[in-house]
*Asks:* 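Got a structure for you, written out below as C-alpha cells; questions coming shortly.
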Amino acid sequence: SFMSGAGGWSTDVTIYDDGAFEGSYHDSDMGDVGDGYENGTVYYCNFSGKFTELVKKDEFTYTCSLESITQEGTPNTEEISKEDGIKYICSEPYGFDNAKDFEFYLPGKSVGELNNDFTTWLSIRFSQPYPDTLPCKAFNNLAENEVVGDCQFFPWL
C-alpha cells in the first residue's frame, strides 16, 4: 500500500513470483459534491502489469524495470452513480507516474542511503525516533521517488 493519512487515498499492489502485478488506486473526496453526486467524488484506477526480473544490487537492494502496465478504463472519464450519489472519475495508477525503473528494499536497508523524497513518504509510517533501518520491505519508483509499496511500516512489524 502507498497512502497518506490525509484524503482517504491509497494505491494497493500485489506482486507475484513471476514479476506480474495487479493493483488499484482510489481517492475519496467526499466534500467534492454537485448536482447528482451529493455524496462526493471518488477517483479510481484498476491496473496490472509486469516487472522485469529482479537484479541484486547489494545485500538489501534489488532493481528491476517496468516491463508493461495497463489499466482498465480511460483516464479522466466520469460517471455519476444514481445508486450511491457519487461521481466516479477514472484516474491513472498513482505511484507509477513516469515509471520505468524501481528499487526494492529489504528489511535492514539503511534509511540514510535512501533518497530524501522517498523517505518523506516513509516518515508518516514511522513512530519516533525515526529508525536507522527499514523494518520491512519497500519499493521505490525511481522516476518520482514514490513509495509504491511499503508493507505499512507500523512499528510492531
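The analysis underlying the following values was restricted to heavy atoms, covering all of them including side chains, and did not include hydrogens, waters or symmetry mates.
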*Asks:* Under 30°, 30 to 60°, or over 60°: which ring-plane class applies to Phe102 and Phe96, parallel, tilted or perpendicular?
*Replies:* tilted
*Asks:* Are any of the side-chain heavy atoms of Cys90 and Thr74 separated by less than 4.5 Å?
*Replies:* no
*Asks:* Going by the rule side-chain contact (heavy atoms from CB on, under 4.5 Å), which residues pair with Glu72 if we only count those two or more places apart in sequence or in a different chain?
*Replies:*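 So Glu72 forms a side-chain contact (heavy atoms from CB on, under 4.5 Å) with Asn46.
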*Asks:* Could you pull out the closest heavy-atom pair between Gly36 and Ile80, with the gap in Å?
*Replies:*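 The answer is O-CG2, 3.0 Å.
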*Asks:* Output every pair passing salt bridge (Lys or Arg N to Asp or Glu O under 4.0 Å) with a member in residues 30-47, not counting sequence neighbours, ordered by first then second residue.
*Replies:*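 Found none.
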*Asks:* Should Pro107 and Lys137 count as side-chain neighbours, where that means a heavy-atom distance under 4.5 Å?
*Replies:* yes
*Asks:* Which heavy atom of Leu54 sits nearest to which heavy atom of Cys64, and what is that distance?
*Replies:*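 So the minimum-distance heavy-atom pair works out to CD2-CB, 3.9 Å.
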*Asks:* Just do the side chain to side chain contact (heavy atoms under 4.5 Å, CB included) check on Asn140 and Tyr105 with the steps written out, would you?
*Replies:* CA-CA 8 Å; Asn140 183 6; Tyr105 308 119; 3.5 Å; yes
*Asks:* Can you name the nearest heavy-atom pair linking Gln71 to Glu92, along with the distance?
*Replies:* OE1-CA, 3.9 Å
*Asks:* Would you name the heavy atoms of Val42 and Ser28 that are closest together and state the gap between them?
*Replies:* CG2-OG, 4.1 Å
*Asks:* Taking Thr52 for the side chain and Ser65 for the main chain, is one N or O donor matched with an acceptor at less than 3.5 Å?
*Replies:*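 Present.
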*Asks:* For Asn98, enumerate each residue passing the side-chain hydrogen bond (donor to acceptor under 3.5 Å, both in side chains) test, keeping only those at least two apart in sequence or located in another chain.
*Replies:*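 Partners of Asn98 by the side-chain hydrogen bond (donor to acceptor under 3.5 Å, both in side chains) criterion, ordered by chain and then number, come out as Glu144.
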*Asks:* As a quick check of understanding, evaluate side chain to side chain contact (heavy atoms under 4.5 Å, CB included) for Thr63 and Glu103, giving each step before the final call.
*Replies:* CA-CA 5 Å; Thr63 62; Glu103 285 188 340; 3.9 Å; yes
*Asks:* More than 12 heavy atoms of other residues, nucleotides or ligands under 6.0 Å from CD of Glu67: is that the case?
*Replies:* yes
*Asks:* Quick check: is Tyr43 connected to Met30 through a chain of hydrophobic side chains (ILVMFWY, heavy atoms under 4.5 Å apart)?
*Replies:*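 Met30 and Tyr43: separate clusters.
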*Asks:* Are any of the side-chain heavy atoms of Ser48 and Phe21 separated by less than 4.5 Å?
*Replies:*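 No, their side chains stay 4.5 Å or more apart.
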*Asks:* State, yes or no, whether a side-chain contact exists between His26 and Ser10 at a heavy-atom distance under 4.5 Å.
*Replies:* yes
*Asks:* Spell out, as yes or no, whether a donor-acceptor pair under 3.5 Å connects the side chain of Lys82 to the backbone of Tyr37.
*Replies:* no
*Asks:* Determine the minimum heavy-atom distance between Gly40 and Val33, stating which atoms define it.
*Replies:* N-CG1, 3.6 Å
*Asks:* Is there a side-chain contact between Ile89 and Tyr44, using heavy atoms and a 4.5 Å cut-off?
*Replies:*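 Counting from C-beta outward, Ile89 and Tyr44 never come under 4.5 Å.
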*Asks:* Quick one: are the ring centres of Phe60 and Phe104 less than 6.0 Å apart?
*Replies:*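 For Phe60 and Phe104, the ring centres are not under 6.0 Å apart.
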*Asks:* How would you list, by chain and number, every residue that makes a salt bridge (Lys or Arg N to Asp or Glu O under 4.0 Å) with Asp58, sequence neighbours excluded?
*Replies:* Lys109
*Asks:* When you group the ILVMFWY residues by side-chain heavy-atom contacts below 4.5 Å and let the links chain together, are Ile15 and Leu106 in the same group?
*Replies:*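 In one cluster: yes.
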*Asks:* Return yes if a side-chain donor-acceptor contact under 3.5 Å exists between Tyr16 and Glu22, otherwise no.
*Replies:* yes
*Asks:* I'd like to check the salt bridge (Lys or Arg N to Asp or Glu O under 4.0 Å) partners of Glu78; sequence neighbours left out, ordered by chain and number.
*Replies:*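 Partners of Glu78 by the salt bridge (Lys or Arg N to Asp or Glu O under 4.0 Å) criterion, ordered by chain and then number, come out as Lys87.
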*Asks:* Mind listing the closest non-hydrogen atom pair of Ser91 and Tyr25 along with its distance?
*Replies:*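 Minimum heavy-atom contact is OG-CE2, 3.7 Å.
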*Asks:* Tell me every residue that passes side-chain hydrogen bond (donor to acceptor under 3.5 Å, both in side chains) with Glu79, counting only those two or more places apart in sequence or in another chain.
*Replies:* none
*Asks:* Give the C-alpha distance, both sets of side-chain angles, the deciding distance and a yes or no for ring-ring contact (aromatic ring centres under 6.0 Å, His included) between Tyr94 and Phe47.
*Replies:* CA-CA 10 Å; Tyr94 192 66; Phe47 57 95; over 10 Å; no
